[in-house]
Amino acid sequence: MPYTTNDIRRVEDKWQKYWAGKKIFRAQETPGREKYYVLEMFPYPSGKIHMGHVRNYTIADVIARYKMMRGFNVLHPMGYDAFGQPAENAAIKRGVSPSDWTYKCIEDMHAGLAKMGFSYDWDRELATCDVSYYKWNQWLFIKMFEKGLAYKKGSPVNWCPSCNTTLANEEVINGACWRCKNEVVQKDLDQWYLKITHYSEALLEDLKTLNNWPSRVIAMQENWIGKSYGADIYFRVKGRDDVITVFTTRPDTIFGATYVTLAPEHPLVRKLSQGTAQEAKVAAFVEKAANTSKSLRMSGDQRKDGVFTGAYAVNPVNGRDVPVWIGDYVLMEYGTGAIMAVPTHDQRDFEFAREHKLPMIVVIDDPARPGLAPDQMTRAYEDAGTLVNSSLFDGIPNEEAKKKIALWMEEKKTGKVSVHWRLRDWLISRQRYWGAPIPMIYCKLCGIVPVPEDQLPVELPKDAPITGEGGSPLAKVKEFVECKCPKCGKDARRETDTMATFFDSSWYFLRYCDAHNDKAVFDKAKAAYWMPVDQYIGGIEHAILHLLYSRFFTKFIRDLGLAAVDEPFDRLLTQGMVLKDGEVMSKSKGNVVDPDEVISKFGADTLRMFILFAAPPEDQLEWNPAGLEGNWRFINRVWSAVEDRYDPKVTGNATGSLADADDKKLELERNAAIKKVTESMEGGFKFNTAISAVMVLMNAIDKYNVTTSIPGMKAVYLNKAIETVVLLLAPFTPHVAEEMWQMAGKTDMSVAYVGWPSFDEKALVTDTVRIAVQVNGKVRGEFEVPRDAEEPVLRPIVLADEGVLRHIAGKEIKKFIVIKNKLVSIVV
RNA sequence: GCUGGAGUGGCGGAACGGUAUACGCGUCGGUCUCAAAAACCGAUAUCUUAACGGGUGUGUGGGUUCGAGUCCCACCUCCAGCACCA
């Protein structure tokens, strides 16, 4: 009897109930027992689970189940990243409360996850919108405030006009909001920031320790943090007390700096142009820049617009007067907001100088074609070379000159060696309702005062008006806003912004270690036992956002003395997208395949197996209904083998002496399969090759001939092989594996607790091996030869072969190379 | 432009420097059937040959090696991220 649709329902329900009822996957801290923490990026509960979730969580589940069978104490928790805008949008659209909507979605999501048979410790389930969770958000925020790592400042911020809220730099993708894709504008606002830049150096440095992270994620974070070595150089303004500090990564080119350019927002701009003939022009330029959005200013045709300020500065190394300009390509946020321009050796400066007819001096000569001259250059020379026109530094290679000149200037106090970062502090206040309230109080007398710990949590009021029209909804709830100052007791006002949801997800992996602690953020000892996460799995879209923030939080929490690790995630796997017809599955494209439908037709096990088999986990996965059916067929073949060929009545061990050639072959295949699957798992979770190895064993079982020899003995080998298939499949297709294990009469325990099968290297050793023979690099024959045979044995065998002789044909044999048990290579 | 990654049958994809294309899908042929489906068995890189066999094949061009998909150099294409970051 094949495995039918009815069997699917019966079997999957049965075992899901069994796992839940017996709490098979409950994790308990057991000192002395080796732990393994598997974690997937928890979902935003938007409704039912989709194929992306299925793929992500199936990968994690196979790892969890595999590690469990290998004897590890596995922690595999699940929860919900439950604060965020979609709940508010649902509230606006349907009039439901964000809380009701969210908890309903969580219920659906939970049901969907259970139907996939994932091995979660449901006792640790949490949602970030639970008061019991976000209370600790607030506690962490206050700790940051106390350490000076949370602060409020007014400055230009990214504002999404469609979401009506501020955004962090990391949430702006190509000038657009990461969530709604609308263009982001700049606004001057007073906002809360977390000082992630306090950890710039550590965040960069510790990337080196993350050897099991994908290189592209490391590269992306490196780029994002963006450490630049160089020098700050002081340009005295002629006829004034002011000094313009510029940052450059090319101090070697200082003798070629022929002008200085300021960002339009630079504080000196107005002052320098005051009273000069340029004043009106400068003012117009500054205003134009201010009214152009940053993304427009930075994209566009990249033509270099600028205007002369009317002022001159002095190049500190040669005393020359250099004009001070304003340029729209200079950013106030980076470096010092001012640059020294070396048009001969920087392409942007080159373009600007040509546009505005500014002078150029060559200071790095091209060693390949000496004699660079400004009027013959069509673009800047940015490669390495030798210094010229640089006084006492002439003739020095420029890489060497970078250090020398910077140090020389530091000595002369005209500059200093410096480092600048691309990373900015993290803006976390949001003018939205569905988030954790920022636990701060504004008092006219005492200023900004944190809510005392014993008054936490600051609960989100249930009845805030949610209109989506802008302004923090909490500001409209009088009872929420009005409060007493914890310091002086006078009337005060609460902060009405909420925290960015990335705050919530930056430490949830620590909370899982002790999910329901109501006395502390988590127990230190429990976290010490479970952390770090051994294997983290999630989408590449969080390469910077969530993964950078979590690294920052972990370092902060470590510095609070609560966590014992420097990094939260030891290994990271970023799973590929699920595609259909070459496009990412999405509701808007209308190409989604509903996991529920697949499950009801083929079962969760088939779905799991297909997703794991069709592509390596990191690669994109093209949805293929025919492939799905292929996996369904395979599960059925195994099922039939257990039903029809497995004999539970036969027990006992096979003895080698009774084995005939077929038996030996089957034993060999069985051991080879265990070895291959184990290696595929240990060598980076290559599920596709792991499954193919099980298929190879299954093919061998189907070919195994029982009729030729002692029947009882045959059943022993056959049983053993079939048991091995079931055990090897257990992490991949857990429901049928449990059922088949039971069908095979193994009723004493869940297959999840049965050890991973081990293999015998000796069983993989055969008496003879097949070797190939090459003549001049081309394969000319194949031989069955005794194992470990050397040249004296092989030479006569090989040279007796007609196929080989044909290609030697009387020529002299120059070399006879033997690679033991692999091949013979003859050179003639 | 910079950074990271990838180019292998009709398709998804395998290959410690050692017989390229495992495994699966698809296709073709067969068994079973009145027939079909399902299931099972077999074939399946390409050119050439009646066949044995031979030639060519892992994006392109070189190199190292007895031997290269794999290592080295140069290049092309694609994907992803960043991008006027001084």
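Atoms considered below: every heavy atom in the structure, side chains included; atoms not considered: hydrogens, waters and symmetry mates. All chains are named by letter (A, B, ...) in the order of the sequence lines, taking the proteins before the strands, and each is independently numbered beginning at 1.
The pairing partner recorded for B/G7 is B/C76, the criterion being a Watson-Crick or G-U wobble arrangement whose two distances lie under 3.5 angstrom. Nucleotide B/C34 is matched to nothing when pairs are restricted to Watson-Crick or G-U wobble geometry with both distances under 3.5 angstrom. Under the Watson-Crick or G-U wobble criterion, with both distances below 3.5 Å, B/C82 is paired with B/G1. Nucleotide B/C28: paired with B/G42 (Watson-Crick or G-U wobble, both distances less than 3.5 Å). Across all strands shown, B/C66 is found opposite B/G18 as a Watson-Crick or G-U wobble partner, with both distances under 3.5 Å.
In this structure, A/Glu643 atom CD and B/A39 atom P are separated by 16 Å, rounded to whole Å. A/Lys822 places its NZ atom 10 Å from the C1' atom of B/G17, with the value rounded to the nearest Å. In this structure, A/Leu262 atom CG and B/C84 atom C1' are separated by 16 Å, rounded to whole Å. Regarding A/Glu618, its CD atom lies at a distance of 18 Å from the P atom of B/A80, rounded to whole Å. When rounded to the nearest whole Å, the span between CG of A/Asp346 and C1' of B/G1 equals 12 Å. Atom C1' of nucleotide B/C79 and atom CD of A/Glu583 are separated by 15 Å, given to the nearest angstrom. Atom C1' of nucleotide B/G5 and atom CD of A/Glu222 are separated by 15 Å, given to the nearest angstrom. When the P atom of B/A39 is taken as reference, atom OH of A/Tyr3 falls 16 Å away, rounded to whole Å.
Backbone-only engagement by A/Pro616 is indicated by non-hydrogen atom pairs under 4.0 Å involving sugar-phosphate atoms exclusively. A/Asn631 comes within 4.0 angstrom of nothing in the nucleic acid, heavy atoms only. Residue contacts for A/Gly226: at a heavy-atom cut-off of 4.0 Å it reaches no nucleic acid atom on any strand shown.
With P as the reference atom, B/G63 and B/C28 are 45 Å apart, rounded to whole Å. Rounded to whole Å, the C1' atom of B/C47 lies 24 Å from the corresponding atom of B/G42. With both ends at atom C1', the span from B/G13 to B/U60 equals 24 Å, rounded to whole Å. Spacing of C1' atoms, B/C73 relative to B/A20, comes out at 25 Å, to the nearest Å. Distance check on atom P: B/A80 versus B/G69 gives 30 Å, rounded to whole Å. Annotation: B/A83 and B/U65 have their C1' atoms spaced 43 Å apart (nearest Å). Nucleotides B/A39 and B/U49 place their C1' atoms 38 Å apart, quoted to the nearest Å. Nucleotides B/A45 and B/U21 are separated by 8 Å at their C1' atoms, to the nearest Å.
Annotation: A/Lys288, atom NZ; neighbour count of heavy atoms from other residues, nucleotides and ligands within 6.0 Å does not exceed 12. In A/Lys665, the NZ atom is not crowded: 12 or fewer heavy atoms of neighbouring residues, nucleotides or ligands sit closer than 6.0 Å.
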Contact letters for nucleotides 40-72 of chain B, in which S counts primed atoms plus P, OP1 and OP2 and B counts the base, heavy atoms under 4.0 Å
S-S----------SSSS---------B------
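Taking every side-chain heavy atom of A/Trp224 into account, B/C82 is the closest of B/C82, B/G12, B/U19. Of the listed nucleotides (B/C23, B/U19, B/C82), B/C82 has the atom at the smallest distance from the side chain of A/Ile173. Ranking B/G13, B/C84, B/C82 by closeness to the A/Tyr329 side chain, first place goes to B/C84. Checking B/C84, B/G13, B/U19 against the side-chain heavy atoms of A/Arg770 singles out B/U19 as nearest. Side chain of A/Ser215, nearest nucleotide from B/C23, B/G4, B/G81: B/G4. In the set B/G26, B/G12, B/G13, B/G12 carries the atom at the smallest distance from any side-chain atom of A/Ala614. Listed candidates were B/A22, B/G4, B/G13. Nearest to the side chain of A/Ala219 is B/G4. Across B/C25, B/C82, B/C23, the shortest atom-to-atom separation from the side chain of A/Phe613 is found for B/C23. For A/Val696, whose side chain is taken as the heavy atoms from C-beta onward, the closest listed nucleotide among B/A22, B/G18, B/A86 is B/A22.
Note that CD1 of A/Ile771 is 11.0 Å distant from OG1 of A/Thr768, once rounded to the nearest 0.5 Å.
Between A/Asn591 and A/Trp623, every side-chain heavy-atom pair lies at or beyond the 4.5 Å cut-off.
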As a quick check of understanding, evaluate side-chain hydrogen bond (donor to acceptor under 3.5 Å, both in side chains) for A/Glu170 and A/Tyr549, giving each step before the final call.
CA-CA 10 Å; A/Glu170 289 79 9; A/Tyr549 296 150; 2.8 Å; yes
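Listed pair A/Asn624 / B/G26 fails the phosphate criterion, with no side-chain N or O lying under 4.0 Å from OP1 or OP2.
Ring centroid separation for the pair A/Phe352 and A/Tyr329 comes in under the 6.0 Å cut-off.
Both tests do not hold together for A/Arg571 against A/Trp213: distance to the six-membered ring centre under 6.0 Å, angle to the ring axis within 45°.
When each of A/Gly335 and A/Met220 is assigned the nucleotide of RNA chain B with its nearest heavy atom, A/Met220 is the one assigned upstream, toward the 5' end. Comparing A/Asp305 and A/Ala693 against RNA chain B, the residue whose closest nucleotide sits nearer the 5' end is A/Ala693.
Under the 3.5 Å distance criterion, the side-chain polar atoms of A/Asp349 are matched with a main-chain donor or acceptor of A/Val342.
A salt bridge between A/Glu410 and A/Lys416 is absent, with no side-chain N of the basic residue lying under 4.0 Å from a carboxylate O of the acidic one.
Just one of A/Leu207, A/Leu210, A/Leu423 meets the side chain to side chain contact (heavy atoms under 4.5 Å, CB included) condition when paired with A/Gln221; it is A/Leu207.
Taking the O4'-C1'-N9-C4 or O4'-C1'-N1-C2 dihedral as appropriate, B/G69 has a value more than 90° from 0 and is therefore anti.
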